[in-house]
Amino acid sequence: MWYYEKRLEYPINITTPNAKLAQFIASQYGGPDGEISASMRYLSQRFSMKDRKVAGLLTDIGTEELAHLEMVSTIIHQLTKGLSMEEIEKSGLGPYYIDHTVGVWPQAAGGIPFNACEFQVKGDPITDLHEDLAAEQKARSTYDNILRVVNNTPEVADPIRFLRAREVVHFQRFGEALENVQEGLDAKNFYAFNPDFDTPVTCPPNAK
Amino acid sequence: MSNNSNPYMNQNMSANMRGMNMRGGCGCANPAQGQRTVSNDCGCTGNAASTMQNSYTQRAAQNDCGCGMTPVTQRTAHNDCGCGMTPVTQRAAQNDCGCAGNNGYTRASDLPSGNRASLLAYIDQVSFAAYDAALYLDTHPDCQNGLQYFRDHNEKRNQALKEYARLYGPMNLTQAGESCEAYWHWINQPWPWEGGNC
C-alpha cells in the first residue's frame, strides 16, 4: 500500500500566477507522456514481471512518479491561484475554467482528458520495458518543450529541471532492467517465449 | 558522609575515578554489579555529568549512562545518557549523542538548527539520496557500496524525521500518534502544495 509523507520531493514556491504556463504544464500532469501516465503504466506493469528486480524497480519508480504528479499538480495549482477573471479569459484558460474553475484536473495541454489509451501494459517483459524506455524519453522531451517556454521564470523552471533530470535517470534504470531480463533468456532468441506467460507459475521465495 | 574504606561509596570522587571500574562504575553503590537492572540507577542521578533518570532499562556493563566515560555502548530507547536529547533512540557505539563531542554517527546536534525550512531541506536531500540509491539497488541488489550508501542516508533521514516531528508535528501518519495528543495536528500544518503565493 502507499503511505503519504507530507512534503514534496523537491520544493516548489511559485509566487506569481500565470494561466498560460499552467495550461502548458498541464500536459505533464494529465497528458499522454505525463506523470499520471507514467505512474499508472509502471504500477500496472509490475504484476507481469517475473524478474523480482524488475518488479521492484517498477514499484519504486512508479511510486516516485506519484510524487512527481504531486509536484506537477502543485505547480499548476500555484500558477492558477488568485487569477483574475480578466487573466483567465485573456490567456485562453476560459473553457477549462468553465468546467473546473481553477481546480486541477488531468488533461493534456491540447485538452484531451487523461485516459488509459495513453499507456500500454502488454504483459511481456521485453515489450513493456521498451515501452518504459520510450515513456521516459517522451517525458524528457515534453519537459524540454516546457523549458523553452519557462526558461526565464526561475521559480517555475527550477522544479521542472529537477523532474526532467529524473526522467533521464529512470531511463538508465530501465535500460539496466532490460539487460537483466535478457540475461535470463536464450541469447540466440530473446523472443522464443514470454517469460511471464509461458513458464510455470512459481511462488515467491520464502513463501510457505 | 563517606566511607573511606570503600572508594566506590565515596560520591565525592571524581567522575574519572568513579568510572574506572567498568563493572561498578558511575558511582554505582554496588561495585560488584555488572549489568544493572531496572531498579538500579547506579547513583548516576548524583553525578553532575549525567542528569538522567536512568532507572529505566537494563544496561550493559560498559554503559556509563552519560557519566562522560567512554567507550559507550548501544543504549535503549529510554536511556538518553544524560544528554537531555529527545526523542531518544537506540544509538550505535560511536554515537554518544554529543555528550563528549565525539565523531561518528548522526546526532540530533548534527541536524540543521534554527528553522523548519532548513530542517525540511535537509530531510528532502537525505531522503532523495536514499531513494535514488534504492532505485539503483533494485537493479544492482548485491552492490555493497550501494547498500552502505543507502543505510547511511536512510539513518540520517530517520533521525531528521524524528526531530522534525518533535519540533513541528507529524510528517506522516506513523508519527501522528506521538505528535497529536490533544488535537489532530496532521490537518493543520501546511500541506506541501501550499507554498508560493499564500
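Order of the sequence lines sets the chain letters (A, B, ...), proteins ahead of strands, with each chain counted from 1.
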Might you work through the side-chain contact (heavy atoms from CB on, under 4.5 Å) test for A:K6 and B:Y164, ending with a clear yes or no?
-> CA-CA 12 Å; A:K6 217 185 204 188; B:Y164 187 95; over 6 Å; no
For A:E176 and B:D138, run side-chain contact (heavy atoms from CB on, under 4.5 Å): C-alpha distance rounded to whole Å, both residues' side-chain angles, the deciding distance at 0.1 Å, then the answer.
-> CA-CA 10 Å; A:E176 287 155 11; B:D138 282 336; over 6 Å; no
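Closest approach of B:N172 to A:E5, counting heavy atoms only: ND2-OE1, 3.7 Å.
With rounding to the nearest 0.5 angstrom, the CH2 atom of B:W191 is 14.5 Å from the CZ atom of A:R7. Atoms CD1 and CH2, from A:I75 and B:W193 in turn, are 15.0 Å apart once rounded to the nearest 0.5 Å.
Heavy-atom distances place both the backbone and the side chain of B:Y136 under 4.5 Å from chain A. Proximity to chain B involves both the backbone and the side chain of A:Y4, based on heavy atoms less than 4.5 angstrom apart. Contact annotation for B:Q125: neither backbone nor side-chain heavy atoms come within less than 4.5 Å of a heavy atom of chain A. Neither the backbone nor the side chain of A:R52 comes within contact range of chain B; no heavy atom of the residue lies under 4.5 Å from a heavy atom of that chain. Neither the backbone nor the side chain of B:L137 comes within contact range of chain A; no heavy atoms are under 4.5 Å apart. Looking at A:T63, the atoms closer than 4.5 Å to chain B (heavy atoms on both sides) sit in the backbone and in the side chain alike. Contact of A:F174 with chain B is not made at all, since no heavy-atom distance falls under 4.5 Å. When heavy atoms are compared at a cutoff of 4.5 Å, A:I12 approaches chain B solely by way of its backbone atoms N, CA, C and O. For chain B, no part of A:V54 is nearby; none of its heavy atoms comes within less than 4.5 Å. Interface residue A:N180: only side-chain heavy atoms are found under 4.5 Å from chain B. Using a 4.5 Å cut-off between heavy atoms, A:E64 contacts chain B through both its backbone and its side chain.
Contact count versus chain A (heavy atoms, under 4.5 Å) is highest, among B:D132, B:L120, B:I123, for B:D132. For the set A:M71, A:R173, A:H77, the entry with the most heavy-atom pairs within less than 4.5 Å of chain B is A:R173.
In this structure the side chain of A:Y3 reaches within 4.5 angstrom of the side chain of B:L173, judged on heavy atoms. Contact annotation: the side chain of A:P11 approaches that of B:D124 to within less than 4.5 Å [non-hydrogen atoms, C-beta and beyond].
Shown here is A:K50, whose NZ atom has more than 12 heavy atoms of other residues, nucleotides or ligands within 6.0 Å. The environment of A:Y10 atom OH is dense: over 12 non-hydrogen atoms of other residues, nucleotides or ligands sit within 6.0 angstrom. In the displayed structure, A:F197 atom CZ is contacted under 6.0 Å by at most 12 heavy atoms of other residues, nucleotides or ligands.
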